[in-house]
Q: 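Take this structure, written in structure tokens, and hold onto it; I'll ask about it next.
To find a chain, count down the sequence lines: A is the first, B the second, and so on, and within it residues start at 1.
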Protein chains: 2
Amino acid sequence: MATTPDLLASDQVSLAVSTVIFALRPHPTTGSTTLWLPLVRRIREPYEGLWALPGGPLEPDEDLAASARHTLERTTGLTPGYLEQLYSFGAVDRSPADRVVSIVYWALVRPDEDARATDGENVEWVVADEVEGLAFDHDAILGYALDRLRAKITYSPIAFAFLTPEFTLADLRAVHEAVLGRPLDPANFRRQVLASGTVVPTGSHLTGTSHRPPALYRRAGHLEENR
Amino acid sequence: MATTPDLLASDQVSLAVSTVIFALRPHPTTGSTTLWLPLVRRIREPYEGLWALPGGPLEPDEDLAASARHTLERTTGLTPGYLEQLYSFGAVDRSPADRVVSIVYWALVRPDEDARATDGENVEWVVADEVEGLAFDHDAILGYALDRLRAKITYSPIAFAFLTPEFTLADLRAVHEAVLGRPLDPANFRRQVLASGTVVPTGSHLTGTSHRPPALYRRAGHLEENR
DNA sequence: ACAAAAGTGTTCGACCTACACCCATGG
DNA sequence: CCATGGGTGTAGGTCGAACACTTTTGT
């Protein structure tokens, strides 16, 4: 039924792993902290010159998550605080001429890590909500990743991946607000977090704040559930 | 670092699509309706003779979901009432000797369809919760699929995929009870379903039941969100 | 004293659970 | 008239949203 000219009989379907890498940074104009991600400029056809999600072909001797981590390392020099498989995209026409199935991961990097980021050649960080015109189906993939992140932060303790080991509840709230893009009630947020048991007070307080010194906390299950 | 003998330089990583196909049937001993799925006996190494999830290599001219549907058709002759991507599995050692990445889908089939099921050669239906000793990492995959199904039925209207177009609320509740494996309060279940707006009364009632005739319903958004 | 954020208390409504109770049919 | 499930009512508990209010620091 479908016409399939088999040039390259050996490698008809190729497999790539791409990664959506999120970090929190201040917005260039408004200054409020928002989601950023690194993109890579394509230096080959198809879509030469356009921006795309970082990724690469799956090597025979590496696991899927390992491949995502290597991509992260290669493009930013960073290690993820959180890494999870997002979805696999395999529409026949998602790449012109050849057939590529992409297994996509999403990662969160912590600000202390992020500060050390070394942008590789042809790498540029951009504000996640303002991205458009990416190569392939990467606009849709990014949208999907944003949806997943925003959904998951409401029921899963992934916000810690955006924080240093010690933090105030205001810091944690700021992460939620930045991701969701709307303010949260400090009083209710506090109670919910404390009731969830995901957080433990260190005993010390943060000083030098021009107001009442907030207590410092550490995450409860610091067992690195997911790297 | 890793030693990779490159015999077969062309096709080092191969891509397969497998499908976990669920149907509801009466349990062979207890008689209560439970989850079943079809397995395929492997006729080649590796794992020759063992049972495995139905699947096959991804063809260059078919989408991922289409591949899953074809597998379903080939092994059971059925069409899914629901089909969704589950996860992609790609550990380096999940298949001995060769490297296979499997993109796994899960499907639900309706009883009226199920009745027409024509088991292919080397195909056998088994009770989902009693499966063990499958080939590859398929035990883990099945467990993952069961978790997802049981989680998703609590917040998503997928139970309809196990029902004919017209049904009573008792039918719908029976599906939930079979999947979750525990009884639900009829009164509360009724209110929740009606409040969810996923269901519309047809006006007619089911007769011949030796008790008060229950109202018949149809699903509200019969727009085939997902096949 | 004042601003500003930390932290506590309280009220309201939505919703879930358990369970009592009435309704309509076949036998 | 009785058994059986359909269907309604209701009281108690949990939880989140909204918001008033007190506390503790720096300036």
Q: Using whole Å, what does the distance between atom C1' of nucleotide dG5(D) and atom NE2 of His205(B) come to?
A: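 About 15 Å, once rounded to whole Å.
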Q: Distances under 3.5 Å only, N/O to N/O: pair up the protein atoms with those of nucleotides 16-23 of chain C.
A:
unit_1: dT17(C); atom_1: OP2; unit_2: Gln192(B); atom_2: NE2; d: 3.4
unit_1: dA18(C); atom_1: N7; unit_2: Asn188(B); atom_2: ND2; d: 2.9
unit_1: dA18(C); atom_1: N6; unit_2: Asn188(B); atom_2: OD1; d: 3.2
unit_1: dA18(C); atom_1: N6; unit_2: Arg191(B); atom_2: NH2; d: 3.2
unit_1: dC23(C); atom_1: O4'; unit_2: Arg212(B); atom_2: NH1; d: 3.4
unit_1: dC23(C); atom_1: O2; unit_2: Arg212(B); atom_2: NH1; d: 3.3

Q: Quick one: Phe189(A) CZ to dC15(D) P, roughly how many Å, whole number?
A: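 Whole-Å distance recorded here is 18 Å.
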Q: What I want to check is whether the side chains of His205(A) and Thr207(A) have a donor and an acceptor closer together than 3.5 Å.
A: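 The criterion, which ignores hydrogens and geometry beyond distance, is not satisfied for Thr207(A) and His205(A).
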Q: Between Arg69(A) and Glu73(A), is the closest basic N to carboxylate O distance under 4.0 Å?
A: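 No, this pair does not count.
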Q: Find which nucleotide of DNA chain C each of Ser210(A) and Ala170(A) is nearest to by heavy atoms, and output the residue with the more 5' nucleotide.
A: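 Residue closer to the 5' terminus by nearest nucleotide: Ser210(A).
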Q: Salt bridge or not for Glu84(A) and Lys152(A), using N-O below 4.0 Å?
A: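 Salt bridge between Glu84(A) and Lys152(A), a charged N being under 4.0 Å from a carboxylate O: yes.
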Q: What integer distance in Å separates Leu172(A):CG from dA6(C):P?
A: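 Distance, rounded to whole Å: 12 Å.
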Q: Is there a donor-acceptor contact under 3.5 Å linking the side chains of Ser88(A) and Ser88(B)?
A: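 A donor-acceptor contact under 3.5 Å links the two side chains.
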Q: Separation of Leu169(A) atom CG from dG7(C) atom C1', in whole Å?
A: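 In whole Å, dG7(C) C1' and Leu169(A) CG are 10 Å from each other.
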Q: Counting just side-chain N and O atoms, does Arg173(A) come under 4.0 Å of either OP1 or OP2 of dA6(C)?
A: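 Result: yes.
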Q: Among dT4(D), dT8(D), dA6(C), find the nucleotide with the atom closest to the side chain of His211(B).
A: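 Within the option list, the nearest is dT4(D).
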Q: How many Å lie between CZ on Arg190(A) and P on dA20(D), as a whole number?
A: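 Rounded to the whole Å, the gap is 19 Å.
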Q: May I ask you to establish whether Arg42(B) and Trp51(B) are in a cation-pi arrangement, using a distance under 6.0 Å from NZ or CZ to the six-membered ring centre and at most 45° from the ring axis?
A: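 No; the conditions do not both hold, so Arg42(B) does not lie above the ring face of Trp51(B).
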Q: Quick one: which of Phe160(B), Phe162(B), Trp106(B) gives a ring pair (Phe, Tyr, Trp, His ring centres under 6.0 Å) with Tyr82(B)?
A: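 Option passing the ring pair (Phe, Tyr, Trp, His ring centres under 6.0 Å) with Tyr82(B): Trp106(B).
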Q: Just the rounded figure in Å: distance from P of dA6(C) to OH of Tyr217(A).
A: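 Whole-Å distance recorded here is 11 Å.
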Q: What is the distance, rounded to the nearest whole Å, between atom CG of Asp171(A) and atom C1' of dA5(C)?
A: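 Atom-to-atom, Asp171(A) to dA5(C), this comes out as 13 Å.
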Q: Nearest whole angstrom, please: distance from the P of dA24(C) to the CG of Leu206(B).
A: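 It is 17 Å, rounded to the nearest whole Å.
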Q: Using a cut-off of 6.0 Å, state whether more than 12 heavy atoms not belonging to Glu130(B) lie near its atom CD.
A: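 It does: Glu130(B) CD has more than 12 such atoms within range.
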